[in-house]
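Written out below as structure tokens is the structure these notes cover.
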Amino acid sequence: MPLAPSRRSITCPYCFAALSPRRVPFRCRGQAGRRPGCAPVLDERLAAYTGSSAGASLPPVFAAPGRGGRADCPGCGQATGSRVCPECHNPLPAGYCDAPGRIVALVGAKNAGKSTYIAVLLHELMNRVGTELDASLVACDDRTIERYKRDFARPLLEEKRLLPTTASAVTSPREPLVYLLTRTRRTRFARESTASLALVLFDTAGEDLRSREVRDLHLRYLEAADAIVFLVDPLELPGAQASVAVLAGDRPGSDPDSEPINVIARVTEALRSRHDVKPGDRLDVPVAVALTKIDVLAPELARQSALHRPRPGAGVLDLDDRDAVHEQVRSLLHTWQAGQLDTYLGQQYADYGLFGLSALGGVPQDGRVGAGGVRPYRAEDPLLWLLHRFGMLDGVRRGT
Ligand SMILES: Nc1nc2c(ncn2[C@@H]2O[C@H](COP(=O)(O)OP(=O)(O)O)[C@@H](O)[C@H]2O)c(=O)[nH]1
Ligand SMILES: [Mg+2]
Ligand SMILES: [Zn+2]
Ligand SMILES: [Zn+2]
């Protein structure tokens, strides 16, 4: 049973409503300089979505058939190509309407390293990895640009301060950061093909699924997702402490709800009931399960380890390396008495990959990034694997 919504419909990456591509309304371009256009008005749907009227005064939204992705505003006659979701009035990029992108969701317990990972992954995609893949990462709305700078990039990457613990989504913005990752590939006959992936990042704790207010939106999010990335703090695994060189900071209290297997199980059960999966059948949404903070693993472990050599290959997914890392993380899980996590994933998901990464590349001290700065390590691996799964990145084998 396919989890992805029918490709003929678009899923809004903000409110997860299913939309017909032919019924996506437009927003007038408004007046600018000497160009005439409609005056801004309070957009009540957008204000209801963001929970604030700040930034919700915008030129009006109108419905139109929209030939070739453009339409003339009935108010001022100007042509516009800006589309918005009919439900929440958030902008839908033209590339997303034409070739509905895949939605990738991120989940993890409190302290798993989500906020840090979001900050670093986006920076990598905008810079080194984006260049390697010939891919662009574009924020879909202005609020995403501002929040990324203010809450993620500036404190962590510029000021080198650890990010504050994410407040519960019940009180903090329930809005995701939404980006479109677009890759253009030259095929054999010199034709170009473009494919995109919507990265929808809610920075909320997995525990929040317990709260009813948040659960609804998050279940829609997970249900709409074409792939899920689970982040797991290895220090939360029962046997891992022995392999750790330094104990980084305070361990959070033993809240069984935030144990990795419980967070994953809660999400999995929700997905199964939503999708009506028969007992014994596995979910076919690909899931990447990544151990974060692998920089804390003791040096003995690091030697001769696939996980600790740099990712080979450029602009491709090295499938031998992928197998080696998957097997190594699997054996680490078993060594750390967390083999049941692996067993559970195998029972529940037809397609899962195990990863190890470090967003910071070193153990932080006194609330700050370690002396060497932020040196991410294999942070992009889960995403490369998903791009490969979606036919957006070639896989190569060295041996053959
Ligand atoms: N050693 C190490 N610690 C990390 C790394 N990423 C996060 N941490 C630590 O984990 C804590 C929680 O990270 P955070 O991203 O806030 O987790 P969240 O609650 O899931 O958003 C941080 O304060 C850091 O101390 C990493 O890559 N390496
Ligand atoms: Mg956080
Ligand atoms: Zn919407
Ligand atoms: Zn107008």
Side-chain angles (χ1 to χ4, degrees), residues 10-19 24-31 35-41 45-46 49 58-62 71-80 82-92 106-120 141 151-152 155-156 161-168 176 178 201-208 220 224 231-236 244-252 258 263 290-297 356-370 374-379:
I10 306 174
T11 303
C12 170
Y14 294 87
C15 72
F16 312 108
L19 320 169
V24 181
F26 291 82
R27 188 185 293 285
C28 172
R29 288 165 73 199
Q31 53 211 146
R35 189 186 71 213
C38 297
V41 286
R45 280 190 188 234
L46 186 62
Y49 175 86
L58 292 167
V61 165
F62 62 91
D72 294 337
C73 172
C76 65
Q78 299 281 322
T80 176
S82 312
R83 321 287 294 267
V84 297
C85 167
E87 302 297 325
C88 66
H89 284 189
N90 275 291
L92 297 174
L106 182 81
V107 192
K110 187 163 65 203
N111 214 51
K114 289 180 304 299
S115 306
T116 311
Y117 184 65
I118 288 173
V120 167
D141 62 277
D151 299 342
F152 296 88
L156 187 76
R161 288 186 284 119
L162 293 184
L163 299 173
T165 306
T166 312
S168 162
V178 182
L201 305 168
F202 272 102
D203 188 17
T204 29
E207 294 90 322
D208 279 336
R220 270 189 286 142
L231 294 185
V232 172
D233 180 351
L235 301 170
E236 287 287 329
V244 162
V246 209
L247 263 188
D250 295 338
R251 303 306 321 135
S258 69
V263 172
L291 299 180
T292 56
K293 317 183 191 181
I294 58 154
D295 55 274
V296 301
L297 299 187
L357 57 88
S358 167
L360 297 177
V363 180
Q365 274 162 347
D366 305 325
R368 298 183 61 82
V369 172
V374 176
R375 290 164 301 156
Y377 180 75
R378 284 189 179 266

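Order of appearance sets the numbers: ligands from 1, and atoms from 1 within every ligand. Heavy-atom basis, side chains included; hydrogens, waters and symmetry copies ignored.
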Exercise. Round to 10° and report the angle made at the Zn ion (ligand 4) by SG of Cys73 and SG of Cys28.
Key: 120°

Quiz item: Which angle, to the nearest 10 degrees, do you find at the Zn ion (ligand 4) between SG in Cys38 and SG in Cys76?
Solution: 110°

Do [X] and [Y] have side-chain heavy atoms sitting under 4.5 Å apart?
{"X": "Val374", "Y": "Thr116", "answer": "no"}
{"X": "Pro59", "Y": "Arg29", "answer": "no"}
{"X": "Arg27", "Y": "Thr80", "answer": "no"}
{"X": "Leu163", "Y": "Asp151", "answer": "no"}
{"X": "Leu235", "Y": "Asn111", "answer": "no"}
{"X": "Leu19", "Y": "Leu92", "answer": "yes"}
{"X": "Leu231", "Y": "Tyr117", "answer": "yes"}
{"X": "Thr11", "Y": "Arg220", "answer": "no"}

For ligand 1, which atoms have a heavy atom of [X] less than 4.0 angstrom away?
{"X": "Gly362", "result": "1 (N), 2 (C), 28 (N)"}
{"X": "Pro364", "result": "1 (N), 2 (C), 3 (N), 25 (O)"}
{"X": "Val296", "result": "1 (N)"}
{"X": "Ala109", "result": "20 (O)"}
{"X": "Val363", "result": "1 (N)"}

Quiz item: With distance as the sole test, does Arg45 use its side chain to make a donor-acceptor pair with the main-chain N or O of Glu87 at under 3.5 Å?
Solution: yes

Exercise. Assign the ring pair Tyr49 / Tyr14 to parallel, tilted or perpendicular, where the plane angle (0 to 90°) is split at 30° and 60°.
Key: perpendicular

Judging by distance only, is a nitrogen or oxygen of [X] under 3.5 angstrom from one on ligand 1?
{"X": "Ala359", "result": "yes"}
{"X": "Leu163", "result": "no"}
{"X": "Asn111", "result": "yes"}
{"X": "Lys110", "result": "no"}

Can you tell which of [options] gets a heavy atom nearest to [atom]?
{"atom": "atom 17 (O) of ligand 1", "options": "Gly108, Ser358, Gly113", "answer": "Gly113"}
{"atom": "atom 13 (O) of ligand 1", "options": "Leu231, Leu235, Thr116", "answer": "Thr116"}
{"atom": "atom 28 (N) of ligand 1", "options": "Asp295, Val369, Leu360", "answer": "Asp295"}

Exercise. Report, rounded to 10°, the angle at the Zn ion (ligand 3) between the two atoms SG (Cys85) and SG (Cys15).
Key: 110°

